[in-house]
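A short write-up of the structure that comes next.
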Amino acid sequence: MVNQNKKETIRVVLVDDQTMIRQGLGYVIKMQKDMEVSGEASNGEEAVKLVGEVIPDVVLMDVQMPNMSGIEATREITRLHPLIKVLILTTFDTYDYIVDGIRAGAIGYMLKDSDSQDMLDLIRRAHQGEALFYTATAAKALAEALQFQQKNHKSASHSDSDTDSVLPPLVMLDQLTDREQDVLEQLSYGKRNEQIAQHLLISEGTVKTHIHRILQKMGVEDRTQAVAKAIRYKIVK
């Protein structure tokens, strides 16, 4: 008889040039029933090779490493394996690291001195496809990175003045209800479902329902894409 309550095991690769960091992260992860460490790498080159061999679900990626930086490794991993979720590991809440990480394809970042439970939460939510940018620095970096991508995506034939007006909005404000707009705005701030529920004084189940309808109306697959499109078309600020 199949155990319906059995959780999927999240396979994690650890990438850091400091052995003690990898050991500490690995110890916490191995204690979890729904996680396992699929491998470790001490630099970007090793990480790209290892990820190609073991195909993990989530990669915890350091930034400053010899041979190949974490940003370069993230770019290569997400290019070769777009379904793998990469979380940037950093010592500082540094704007440049966050921007570069987003552009490289990382779906979030965490500080090395974060609480272990927060780290585990980040891994689980990254595995589910959530974008994990919580601080004001990260929110600003995400918005500006998306604006940068939008600008470079536009045709050179478009005028620099008010070029957004020639882009057909794929979702208009009047397609979303007021509550859906509120939820979308909270998503753009990187809020969790429970945080959105508390802020809007509604249940988590209602939040999930609103998010499902938002994704349908916006024609996107997950909340990360919804936020990206919302910022691009100025549905949220």
Taking all atoms of both residues into account, what is the closest heavy-atom pair of A197 and S203, and its distance? CB-C, 3.9 Å

When you compare the side chain of V48 with that of M68, does any pair of heavy atoms fall below 4.5 Å? yes

Residue among L83, V86, I84 satisfying side-chain contact (heavy atoms from CB on, under 4.5 Å) with T78: V86

Nearest 0.5 Å, what's the CD-CZ distance between Q198 and R192? 10.5 Å

In Å, rounded to the nearest 0.5 Å, how long is the span from CG of L184 to CZ of R223? 10.5 Å

Give the minimum heavy-atom separation between P66 and S42, together with the two atoms involved. CD-O, 4.3 Å

Output the distance between atom CZ (R179) and atom OG1 (T206), rounded to the nearest 0.5 Å. 9.0 Å

If every non-hydrogen atom of A226 is compared with every non-hydrogen atom of L215, which pair is closest and at what distance? CB-CD2, 3.9 Å

Any side-chain heavy atom of H199 within less than 4.5 Å of one from Q186? yes

Check whether any side-chain N or O of R11 sits under 3.5 Å from a backbone N or O of M35 as a donor-acceptor pair, and report yes or no. no

Do D57 and K85 sit within salt-bridge range, that is, some charged N less than 4.0 Å from a carboxylate O? no

L120 side chain reached by Q117 side chain, heavy atoms, under 4.5 Å: yes

Can any side-chain N or O of Q195 pair as donor or acceptor with the backbone N or O of K191 at less than 3.5 Å? no

For residues L25 and M119, determine if any side-chain heavy atom of one lies less than 4.5 Å from a side-chain heavy atom of the other. yes

Please examine the side chains of E46 and E40, heavy atoms only from C-beta on, and report whether any two atoms are closer than 4.5 Å. no

Is the shortest distance from a Lys or Arg side-chain nitrogen in E72 or R75 to a carboxylate oxygen in the other one below 4.0 Å? no

So, are K112 and D16 salt-bridged, with charged N and O less than 4.0 Å apart? yes

Heavy-atom distance under 4.5 Å between the side chains of L60 and V15, does that happen here? no

Would you say that M61 contacts I77 through its side chain, given a criterion of any heavy-atom pair below 4.5 Å between the two side chains? yes

Can you check side-chain contact (heavy atoms from CB on, under 4.5 Å) on V51 and H81, steps first, answer last? CA-CA 9 Å; V51 167; H81 314 284; 3.9 Å; yes

Please confirm whether the backbone N or O of M65 pairs with a side-chain atom of S69, one donor and one acceptor, at under 3.5 Å? no

My understanding is that only residues two or more places apart in sequence, or in another chain, count here; which of them pass salt bridge (charged side-chain N to carboxylate O under 4.0 Å, His left out) with R213? none

Looking at R125, is its backbone amide N or carbonyl O close enough to the side chain of Q128 to form a donor-acceptor pair, meaning the two atoms are under 3.5 Å apart? no

Spatial distance of atom CD1 (I123) from atom NE2 (H127) [nearest 0.5 Å]: 11.0 Å

Around Q64, counting heavy atoms of other residues, nucleotides and ligands shown, do more than 12 lie under 6.0 Å from its CD? no

Between CD1 on residue I29 and CZ on residue R22, distance to nearest 0.5 Å: 12.5 Å

Applying side-chain contact (heavy atoms from CB on, under 4.5 Å) to V28 and M31, what does each step give before you reach the verdict? CA-CA 5 Å; V28 174; M31 294 290 290; 5.9 Å; no

Rounded to the nearest 0.5 angstrom, the CD1-CG distance for I71 and D62 is 9.5 Å

Where do V13 and V54 land on the side-chain contact (heavy atoms from CB on, under 4.5 Å) test, with the steps shown first? CA-CA 9 Å; V13 160; V54 304; 3.8 Å; yes

Intermediate values then yes/no, side-chain contact (heavy atoms from CB on, under 4.5 Å), L89 and V63: CA-CA 6 Å; L89 282 170; V63 175; over 6 Å; no

